[in-house]
Amino acid sequence: MHIMEGFLPVGHAVAWTAVSAPVVAYGSWRLIRTVRQNPELKLLLAASGAYVFILSALKIPSVTGSCSHPTGTGLAASLFGPWIAAVLGTIVLLFQALLLAHGGLTTLGANVFSMAIVGPIVAWSLFRGLRGAGVAGAVAIFFAAALGDLATYVVTSFQLAAAFPDPVSGFWGASAKFLSVFALTQIPLAISEGLLTAIVYNLLQRYSGREMSVLKLRMAGV
Amino acid sequence: MRQLDSVAWTGRWKRRPAAEKLCLCLGVMTVSLAVAGPGGQVLIFALMALLTVGLAGVPFWTWLRALLLPAGFLVLGVLTLFVSVGWAEGEAGGGVTLALVPPTDREAAVFVGLRSAACVSALVFLALTTPLPALMTLLRRLGVPRDVADVALLMFRFLWLLFHCLETGRRSQTARLGYASRSRWLRSSALLAAGLLPRALDRGTRMDAGLRARGYDGSLATLSSEERPSLLRLGGIAGGVLVLGGVTAWIG
C-alpha cells in the first residue's frame, strides 16, 4: 500500500508531511523522554523496531493465489502503543524506501500518515476496546490487525483520490475506483494478516510470556 | 534488499559524503516535482541512470532489478488513472460505468508516471550509492534527535541479525514441508514470527549488557570512513540542479 516516489503532486506531498510531522514529533518526544530515563530501553526499542521491519519480510498466502507481506501494524501498535508505533513505523518506511526502493522520500509523509499513524491508532483502539469489553486476546488482535490493515488501505485510497479526482465523478468516484482496485489484494491480505497476528499473539502468550511481561513492564512509561 | 545494501557498501561512491548525494537526490526530485514537464522527466531519468550506472559504477542489472519493484506499482497506478468511474441511471435502475478518461487526462496520467519514474531513479541512485548508516549519521547532524537516530541506526544493525534468523528458520521449515499447503504456510509464518520476537529482545538485552560493560552512557558514537563534504562540491551540486531546472523548464 505504499505510494510510490514522485506519484503525488508537490502540494499534496508537502501537506501530508505537515500533517504527519507533529504526530511523529510527539512520539519521538515520548521516546526520547523514556530513553533518557532508561538508556537500556534504546536497545530494546531498536530490537523491537527491527522485528517490525522483519515482519514485513514474511510472506503470507493471499486468497488471490499469490503471496503478500503483512504490515506488522496491528502487532506493533498492541505491543508498543500508537505513538511509539508511529516513530518505529516512520523509520521502517524510511528503511523500505532506502533499502527496497519501496515507497519514497517525497511520499514519506503520506505513507507515514496511512501506515504509521492511522493504521496503528485504529489497531490499538480496537485492541484496547475489545479487550476492555472482555473479548479474548486472540480475537481482539485478529480484528485489530485486520481492520488496522484495512484502515491503512482506505486512507491510501482517499489520499490518491484527493490527488487525482475522477474527471466525471470527482473525489468520491476516484475513491471508489482506488478502493476497488486495492480491494482485490488488500481484503484477503487483511484477513491473512489478522489470522497470522492472532496465531503469533497466541504463541507469544504461550511460549514467551516472560519476554512479553518484561516488554510491557519496560514500555509502560513509553 | 541485501543486494541493494551490498552494492551501496561496496560501490565506487560509498565514501563520497552522504550530504552531497542526498542534496543531489533531493534537488533532482524537487526539479522533477516542481518544474519539469514530460521531456524534462525523461531527461532526469536518463541523467540519474547515467550517473548511477556510468559514474557510480553500479552494475546495470542490479540497477534494473532495483527499478523493477517500483515499476510494477507504477504501471498499476498509472493504468488506474486511465479509467473514469461514473454512475448511470437506466430503466432497470442505476449502475456503475467505467470509461477511458479524456485524452488530456490520459496525458496527465502518463506525465504522473514519467514524474514518478524520474523520482524513483533519483531514489535508486541514493539507495545504491549510500550505505544507510551514513544517512542516519547525516540525519543526526541535520538535527534529528540523537536518541531517535541511535534507535534507527541500531535497528539497522539488528535487522540483519534477525534477517539471518528468519532465513535460517524459513529454510528449516521448508525442509520439513512447512510451506506445503496454505494452512501450513500460515502456521509456519506465525511460528517464525513468534519465535523471532524473543530472539530480538534477547539480542537487545545482550547488546545492552555488552555495551554497559564498556561504560555505555546512552551515547553511541561511531567512526566514519566517509570523506568530509566540501562546500565547493555542494555549491557545484546546487548549481548543477539549478541548471537542470532551467533546462527542464526550457524543454518542457
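Chain identifiers are assigned alphabetically (A, B, ...) following the order of the sequence lines, protein sequences preceding nucleic acid strands; residue numbering begins at 1 within each chain.
Looking at residues two or more places apart in sequence or on another chain, you find no side chain to side chain donor-acceptor pair (under 3.5 Å) involving B/Arg187.
Listed in order of number, the residues of residues 126-134 of chain B that approach chain A to under 4.5 Å between heavy atoms are B/Leu126, B/Ala127, B/Leu132. Along residues 117-125 of chain B, the residues that come nearer than 4.5 angstrom to chain A, judged on non-hydrogen atoms, are B/Cys119, B/Val120, B/Leu123, B/Val124 in order of number.
For the pair A/Val52/B/Met155, no side-chain contact is recorded, criterion being any heavy-atom separation below 4.5 Å from C-beta on. With contacts defined as side-chain heavy-atom distances shorter than 4.5 Å, the pair A/Val87/B/Val151 does not qualify.
Looking at every heavy atom in both residues, B/Ser116 comes nearest to A/Met4 through OG-CB, 4.0 Å. Of all non-hydrogen atoms in A/Ile32 and B/Pro145, the two that sit nearest each other are CD1-CB, 3.3 Å. Across A/Phe164 and B/Arg115, no two heavy atoms sit closer than the pair CZ-NH2, 4.4 Å. The two atoms that bring B/Ser84 and A/Val168 nearest to each other are OG-CG2, 3.2 Å, heavy atoms only. Here the closest heavy-atom approach between residue A/Ala46 and residue B/Leu154 is recorded as CB-CB, 3.3 Å.
Top candidate by heavy-atom pairs under 4.5 Å with chain B, chosen from A/Ala198, A/Gly11, A/Gly49, is A/Gly49. Here A/Leu105 is the residue among A/Val92, A/Leu105, A/Thr107 with the most heavy-atom pairs under 4.5 Å with chain B. Comparing B/Met207, B/Met29, B/Arg157 by how many heavy-atom pairs each has under 4.5 Å with chain A, the most go to B/Met29. Counting heavy-atom pairs under 4.5 Å between each of A/Asp166, A/Leu8, A/Ile199, A/Val10 and chain B puts A/Asp166 at the top.
Residue B/Ser32 does not touch chain A at all, counting heavy-atom pairs closer than 4.5 Å. Neither the backbone nor the side chain of B/Leu153 comes within contact range of chain A; no heavy atom of the residue lies under 4.5 Å from a heavy atom of that chain.
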Could you pull out every donor-acceptor pair under 3.5 Å between side chains of residues 62-80 of chain B and any protein atom, sequence neighbours left out?
{"unit_1": "B/Arg65", "atom_1": "NE", "unit_2": "B/Gln3", "atom_2": "OE1", "d": "3.3"}
{"unit_1": "B/Thr80", "atom_1": "OG1", "unit_2": "B/Leu76", "atom_2": "O", "d": "2.6"}

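One distance of note links CZ of B/Phe158 with CZ of A/Phe53; it measures 15.5 Å at 0.5 Å rounding. Separating the CD1 atom in A/Ile91 from the CG atom in B/Leu159 is a distance of 11.5 Å, to the nearest 0.5 Å. Of the inter-residue distances, the one linking A/Leu195 atom CG with B/Ser183 atom OG reads 11.0 Å to the nearest 0.5 angstrom. Atom CZ of A/Arg33 and atom CG of B/Asp147 lie 13.0 Å apart (nearest 0.5 Å). Remark: B/Cys165 SG to A/Ile54 CD1 distance equals 9.0 Å, nearest 0.5 Å.
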| Chi angles and distances behind the side-chain contact (heavy atoms from CB on, under 4.5 Å) call for A/Leu94, B/Leu135 | CA-CA 11 Å; A/Leu94 189 65; B/Leu135 285 170; over 6 Å; no
| task | Could you walk me through whether B/Leu81 and A/Phe178 pass the side-chain contact (heavy atoms from CB on, under 4.5 Å) test, one step at a time? | result | CA-CA 9 Å; B/Leu81 297 181; A/Phe178 286 113; 3.8 Å; yes
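The closest donor-acceptor contact from the side chain of A/Lys177 to the backbone of B/Val83 lies under 3.5 Å.
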